[in-house]
Amino acid sequence: MARLLAVTFALIPLAIAPGLFFYFDVTPKTFLALLAAAAGLIWWAAEGAPSGFYRSSREARWFVWAVCGTAVSLLISTLASVNPALSLGGSTWRFWGLVPQLAVLALVYLTAECCAGKPERVRVILRGCSAAGLLTAVYGIAQYFGWDPLQPSQTYHAGEGIFTIVRPPSTLGHADYLANWLLFVVFASAALAFTEKDRTWLWLSRCAEAAAVAAIILSGTRAALLGLLAGAVVLLWWRGLRFTWRAVAMTGIAVVAAAGFYFSPAGARMRARVHWALEERTGGARFLLWRDSLHMAAARWPLGYGPETFTGSFVRYQSTDLANAYPDFYHESPHNIVLDALVTQGAAGLAAFLALCAVGGGAALAVRREPPSGARRDIGGALAASLAAMAMSGQFVCFMLPTALPFFVTIALLVSLVCCPALDLTTAPSRSRLRITASEPRALASGSRNAWRRRALAMAPCAAVLALFALRLFVAETALALVRRDLDAGLPGDAADAYARYEAWRWRGASADLWYSRRLVMLAQSKAEPAIRVQAIQQAGIAAQRATETVEDPFNAYYNLAAFSARQNDFPRTEQSLRTAIKQAPNWFKPHWMLAQVLEAAGRLQEAEAEAARAVTLDGSKHPEVSSTLGHIRAGLGAALTEPTHK
């Protein structure tokens with residue numbers, strides 16, 4: 001089991017499949033997690049005998065209760081969700097619904113039970129994570145220096161000229177997610193460096209630690225840098241602050257090397273990132289986002305809105321202040337793991353999440369009471385630093401699979417370090433074996449068989465559900481990737497067939513209809529054959545209408561439907577769609593701006609002036625074309641008022 005878990009935790013952050021899956025950096029991770037959880041549950045059921053994990057320590061009991069409480073809270077919040085179908089499987093951008101989260105909780109529980117009282121198994125898991133971390137860190141560093149054989153570099157470059165920055169995502173999809181995963185790698189590798197006796201693994205862990213720190217710095221992720229500092233402080237407190245000439249010399253060399261790189265030509269993009277960071281000293285939209293998220297949570301505080309519903313629900317609570325300051329921002333989460341739990345699962349879910357964190361902290365303090373020279377204490381110190389680092393960084397980012405998994409696995413490993421191994425009759429003292437009567441072995445064997453049956457009956461359906469979700473995800477995503485290839489080749493008919501297969505296999509609740517509609521419109525506006533363009537525009541209209549009911553951001557779908565209807569000169573439908581978008585996202589400037597232009601074309605200048613003024617207010621004067629529209633409408637309105645009356 002330990003090797004299965006080690007391989008799983010190593011492959012999930014590495015999994016990336018451009019060309020095979022549509023969401024090539026998210027889907028393979030979710031697919032692997034679902035399959036690994038299903039395999040782990042079957043393995044656990046096949047072991048048969050009761051593990052005794054629940055009774056192995058006080059921290060283990062609280063851990064089991066916290067995991068079960070989180071699972072129950074997720075189930076209830078999904079049933080009470082504003083969009084239960086979406087909450088079940090999750091959105092298309094992170095697949096973090098009920099089923100994937102339950103799969104992660106299953107892996108976390110299996111980790112704690114597998115490693116309970118067995119630090120050597122903890123080391124096996126840390127080895128796998130360290131090796132995977134080395135690969136992801138090296139890939140991220142290569143991306144910073146311009147080498148990337150898998151992904152187009154323009155997707156993670158921003159800015160122009162000397163202010164161009166690069167945010168390498170490696171295999172994690174975004175620089176923030178990469179940096180947060182590497183926080184775990186840094187301290188997992190440190191744990192191995194403190195305790196590893198095999199020279200190969202010792203050098204690999206040291207290389208992984210150094211590469212992970214370098215990749216975090218090059219990613220330009222301020223939250224991760226703050227987390228790295230917090231983890232370092234915890235580790236120094238744990239091990240005691242010791243000044244040695246070697247440590248001072250190594251620190252000095254590192255500082256000089258970092259300064260040399262920063263001021264060298266290779267550090268130009270790093271200097272640009274620092275310039276951007278200094279212009280946003282408060283971290284961008286986060287403070288206003290947190291305030292509005294609290295207002296949103298207060299409306300449904302007992303049970304929350306359900307997993308993955310933030311995007312569609314938050315726009316109703318977005319304040320004018322946030323809209324003014326960041327009119328072009330798309331808020332898909334609160335960017336805070338505590339607020340995310342509160343908004344998603346309500347007060348009960350937040351309590352369960354905080355309980356899990358408290359269990360991890362309590363287990364770390366229990367480990368610290370171990371003898372100072374013990375390997376268990378050294379591993380515990382590094383894991384405690386990892387938990388502190390990821391908790392600090394998590395105040396500025398959101399959970400998704402490759403960031404949530406190491407956070408909860410760290411808690412599970414800490415709990416396992418304070419557990420006592422379960423009693424094994426084959427290794428029990430001889431005096432204990434002499435007390436077993438002739439009938440007791442048969443009773444024990446019968447109990448073992450009964451335990452196996454109960455586990456099998458309970459785990460087989462759970463594993464089947466996880467495997468089914470994994471299969472549906474695999475088929476749907478490969479079909480959607482084929483849709484993109486067919487559209488790139490100008491084959492809307494073949495794309496429609498592949499999209500029908502995607503529709504038949506995808507998880508309910510979230511679809512790619514909005515992307516499909518916009519991509520078909522691009523094909524219809526290209527220089528393709530007239531028959532292809534007509535076919536594309538017909539399919540685009542159907543997809544645009546369907547998207548209003550199938551995507552996680554319906555306000556965006558209605559805006560897209562309005563734009564499509566305007567191209568067809570269907571002004572009544574355009575106005576209706578825009579008003580629906582405004583109803584769902586009242587402080588988004590774009591539908592107000594577009595509606596003002598539609599009303600102006602219809603000669604309804606008074607209404608157009610009101611909508612244009614509202615658009616300018618919400619836009620915060622960020623886009624000159626919005627203010628220009630208001631000026632043009634007011635000029636036309638003034639001319640209409642001064643024009644003489646004709647009989």
Side-chain angles (χ1 to χ4, degrees), residues 26 29-30 33-34 36-38 40-41 62-112 293 296-297 300-314 332-334 336-360 394 398-409 411-412 458-459 461-470 473 507-510 552:
V26 179
K29 296 174 174 58
T30 307
L34 292 169
L41 291 175
W62 281 108
F63 175 78
V64 172
W65 279 109
V67 169
C68 292
T70 302
V72 171
S73 172
L74 281 168
L75 179 60
I76 294 175
S77 63
T78 298
L79 293 175
S81 172
V82 296
N83 189 342
L86 175 61
S87 294
L88 180 64
S91 63
T92 55
W93 72 276
R94 65 173 179 172
F95 294 117
W96 194 234
L98 172 66
V99 174
Q101 290 197 54
L102 290 181
V104 167
L105 289 177
L107 290 171
V108 168
Y109 174 81
L110 293 174
T111 300
S293 296
M296 173 184 172
R300 289 175 63 97
W301 66 267
L303 299 177
Y305 291 79
E308 293 281 60
T309 58
F310 185 88
T311 301
S313 300
F314 176 74
E332 76 286 343
S333 79
N336 180 288
I337 57 177
V338 177
L339 280 177
D340 203 359
L342 176 61
V343 171
T344 297
Q345 300 166 246
L350 176 61
F353 173 72
L354 293 178
L356 262 176
C357 296
V359 168
C398 65
F399 268 159
M400 57 188 308
L401 179 58
T403 57
L405 185 60
F407 184 89
F408 293 123
V409 165
I411 295 175
M459 293 302 106
C462 297
V465 169
L466 294 175
L468 177 61
F469 266 77
L473 180 63
W507 292 354
R508 301 301 98 183
E552 59 262 30

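- In this structure, F95 and W507 have perpendicular ring planes: the angle between them is above 60°, well past the 30° mark.
- Legend: residues meeting side chain to side chain donor-acceptor pair (under 3.5 Å) with N83, ordered by chain and number and at least two apart, are absent.
- In this structure, the separation between CG on L74 and OG1 on T344 is 8.5 Å, given to the nearest 0.5 Å.
- Pairs passing the salt bridge (charged side-chain N to carboxylate O under 4.0 Å, His left out) check and including a residue from residues 77-101, sequence neighbours excluded, read R94-E308, R94-D340.
- Under the rule for a ring pair (Phe, Tyr, Trp, His ring centres under 6.0 Å), the partners of F408 that lie at least two apart in sequence or sit in another chain are F399.
- Rounding to the nearest 0.5 Å gives a distance of 6.5 Å between CG of L107 and OG1 of T111.
- With sequence neighbours left out, L339 forms a side chain to side chain contact (heavy atoms under 4.5 Å, CB included) with W290, S293, L294, P334, N336, L342.
- Distance CD/Q101 to CH2/W96: 4.5 Å, rounded to 0.5 Å.
- With Y305 contributing its side chain and M296 its backbone, the two residues share a donor-acceptor pair below 3.5 Å.
- Within a 6.0 Å sphere centred on CH2 of W93, other residues, nucleotides and ligands contribute more than 12 heavy atoms.
- The side chain to side chain contact (heavy atoms under 4.5 Å, CB included) test with T309 singles out one residue from S77, S81, S91, and that residue is S81.
- Counting only heavy atoms from C-beta outward, the side chains of F353 and I337 approach each other to under 4.5 Å.
- Listed by chain and number, the residues in a ring pair (Phe, Tyr, Trp, His ring centres under 6.0 Å) with W62 amount to none (sequence neighbours excluded).
- Legend: residues meeting side chain to side chain contact (heavy atoms under 4.5 Å, CB included) with T78, ordered by chain and number and at least two apart, are S87, L98, P307.
- Expressed to the nearest 0.5 Å, how far CD of Q345 lies from CD1 of I76 amounts to 10.0 Å.
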#### Entry: I411 and F63: CA distance, side-chain angles, deciding distance, side chain to side chain contact (heavy atoms under 4.5 Å, CB included) verdict
CA-CA 9 Å; I411 295 175; F63 175 78; 4.2 Å; yes

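- Side chains of T311 and E552: a donor-acceptor N/O pair is absent below 3.5 angstrom, by distance only.
- Side-chain contact between T92 and V26 is absent, with no heavy-atom pair separated by less than 4.5 Å.
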